[in-house]
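Working notes, beginning with the structure itself.
Just so it is clear: chains get the letters A, B, ... in the order the sequence lines come, proteins before strands, and each one is counted from 1.
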There are 2 protein chains.
Amino acid sequence: MTAPRLDFWYDFSSTYSYLASARIEEIADDAGVAVRWRPFLLGPVFKAQGMETSPFNLFPVKGAYMWRDVARQAADLGIPFRQPTQFPQNSVLPARIAMLGFQDGWGEKFTHAVYHAAFADDRPMADAGVMRDVLSGLGLNADEVLARAQSDEAKAALRQQTEEAQGLGIFGAPTFTTSGGELFWGNDRLPQAIRWAQRHAAA
Amino acid sequence: MTAPRLDFWYDFSSTYSYLASARIEEIADDAGVAVRWRPFLLGPVFKAQGMETSPFNLFPVKGAYMWRDVARQAADLGIPFRQPTQFPQNSVLPARIAMLGFQDGWGEKFTHAVYHAAFADDRPMADAGVMRDVLSGLGLNADEVLARAQSDEAKAALRQQTEEAQGLGIFGAPTFTTSGGELFWGNDRLPQAIRWAQRHAAA
């Protein structure tokens with residue numbers, strides 16, 4: 001019997017991915033479900049649907065609601081949240097770094113630190129200086145990681161992961177996928193996705 | 001102290017409104033929250049955002065997901081669901097009739113019956129014959145109700161309710177509004193909206 005597993009697809013600029021990142025470990029651990037963290041880029045995914053920016057910017061009345069909704073949800077979760085000055089942020093740099101982090105074993109703590117910088121401290125994640133602070137704060141060699149993040153290999157790894165997301169039919173973030181190709185979109189669906197992974201763990 | 005109250009804004013063509021309609025009474029009763037059912041039309045609301053049809057049709061990959069998601073949610077709720085042949089259905093006629101129903105005291109049971117016709121039996125709600133069957137099935141004088149639904153008064157009542165929804169910043173359905181102007185969008189937010197209504201009942 002294969003252990004139940006869930007893939008957590010997220011973009012660093014996504015507010016609801018931030019909410020999911022703050023609760024997924026506890027929920028999955030309690031349920032005995034292993035989580036694979038899969039950063040990807042929403043930009044190409046939105047573009048393929050004919051959108052040049054976040055739907056929250058394209059539909060302003062929905063966007064205004066989103067800010068209120070995320071603030072309420074963050075309060076319920078007991079996590080800090082401040083509406084960032086810019087939205088969406090360019091998330092290419094942190095996503096490339098995260099790909100390295102998941103190779104090296106520090107991807108999850110890096111993700112938490114970037115989300116905190118972006119949505120608690122309103123710092124620009126596309127800024128190399130901000131990334132340097134985040135990496136140093138985790139005890140990593142920031143210069144070395146930033147250099148590797150500019151390599152063709154790191155760029156290709158993120159591109160490939162984003163293409164895999166599109167191939168799975170992912171159209172937003174966060175998305176949770178389970179074995180058997182079942183897809184759940186949105187932080188709200190996390191508990192249901194976890195139950196699905198438990199029930200459908202391959203025998 | 002005013003009793004806690006929630007307004008439930010729904011469109012008859014909305015799949016997630018159907019899901020909400022199936023569970024709102026039990027959840028609200030258990031919580032001691034009174035619910036006011038407010039049918040309205042999503043068409044003008046989408047049009048004001050620059051959309052000529054449902055976003056689930058404008059963004060097909062999201063639409064495909066929606067059908068899967070609603071089927072899963074309906075299964076979890078233990079209610080029947082079949083993807084209707086046409087989507088979205090024109091919901092003007094049932095919405096006008098519902099406005100009369102809430103005057104006369106049969107609005108809720110009429111709403112349940114229309115949703116069942118549409119999403120369990122795949123019957124076209126814009127068809128006067130279908131509405132006649134639904135009304136007769138509730139023991140009502142179908143001819144009399146259908147005639148009243150074509151009156152200027154019934155048309156104006158629905159138009160006014162839809163304008164009120166837009167004035168509240170409603171951009172989709174279902175939406176729940178509570179005193180103090182707090183707005184919650186989507187069936188997923190129903191429990192949170194109920195808790196908000198309880199906590200913020202005017203002293």
Side-chain angles (χ1 to χ4, degrees), chain A residues 9 16 19-20 42 44-51 54-77 165-178 180-196 199-200, chain B residues 9 16 19-20 42 44-51 54-77 165-178 180-196 199-200:
Chain A
W9 297 87
Y16 289 104
L19 298 179
L42 272 175
V45 170
F46 287 154
K47 210 163 255 178
Q49 298 175 73
M51 293 184 279
S54 163
F56 295 124
N57 290 348
L58 292 172
F59 304 103
V61 67
K62 195 170 175 175
Y65 170 77
M66 181 274 284
W67 294 114
R68 178 69 186 140
D69 185 52
V70 170
R72 283 188 312 225
Q73 300 279 326
D76 276 2
L77 280 172
Q166 288 187 279
L168 290 169
I170 287 175
F171 56 89
T175 291
F176 312 99
T177 53
T178 68
E182 202 70 19
L183 186 154
F184 297 85
W185 171 56
N187 177 45
D188 295 320
R189 288 289 173 277
L190 176 55
Q192 190 187 15
I194 292 278
R195 288 195 302 274
W196 193 277
R199 278 202 309 259
H200 299 265
Chain B
W9 297 87
Y16 289 104
L19 298 179
L42 272 175
V45 170
F46 287 155
K47 210 162 255 177
Q49 297 175 74
M51 293 183 279
S54 164
F56 295 123
N57 290 348
L58 293 173
F59 303 104
V61 67
K62 194 169 175 177
Y65 171 77
M66 180 274 283
W67 294 114
R68 178 69 187 139
D69 185 52
V70 170
R72 283 187 314 225
Q73 300 279 325
D76 276 2
L77 280 171
Q166 289 187 278
L168 290 169
I170 287 175
F171 56 89
T175 291
F176 311 99
T177 53
T178 67
E182 201 71 17
L183 186 153
F184 297 85
W185 171 56
N187 178 46
D188 296 319
R189 289 289 173 277
L190 176 54
Q192 191 186 16
I194 292 278
R195 288 195 302 274
W196 194 276
R199 279 201 309 259
H200 296 84

Inset, instruction - Identify the heavy atoms of Gln49(B) and Val61(A) that sit nearest to each other, and give their distance. - result: OE1-CG1, 3.7 Å
Legend entry - Residues forming a side-chain contact (heavy atoms from CB on, under 4.5 Å) with Pro44(A), sequence neighbours excluded: Leu41(A), Thr162(A), Gln166(A)
Legend entry - Between CE on residue Met51(B) and CZ on residue Phe59(A), distance to nearest 0.5 Å: 4.5 Å
Legend entry - Gap separating the CD atom of Glu182(B) from the CG atom of Asp69(A), nearest 0.5 angstrom: 9.5 Å
Inset, instruction - Kindly compute the distance separating CG (Asp76(B)) from CZ (Arg195(A)), expressed to the nearest 0.5 Å. - result: 5.5 Å
Inset, instruction - State, to 0.1 Å, how close Tyr65(A) and Trp185(B) come at their nearest heavy-atom pair, and which atoms those are. - result: OH-N, 2.8 Å
Inset, instruction - Answer with side chain, backbone, both or neither: which region of Arg189(A) has an atom nearer than 4.5 Å to a non-hydrogen atom of chain B? - result: side chain
Inset, instruction - Taking the six-membered ring of Phe184(B) (Phe, Tyr or Trp), confirm whether the NZ or CZ of Arg68(A) is under 6.0 Å from its centre and within 45° of its axis. - result: no
Legend entry - Gln73(A): partners by side chain to side chain donor-acceptor pair (under 3.5 Å), with sequence neighbours left out: Gln192(B)
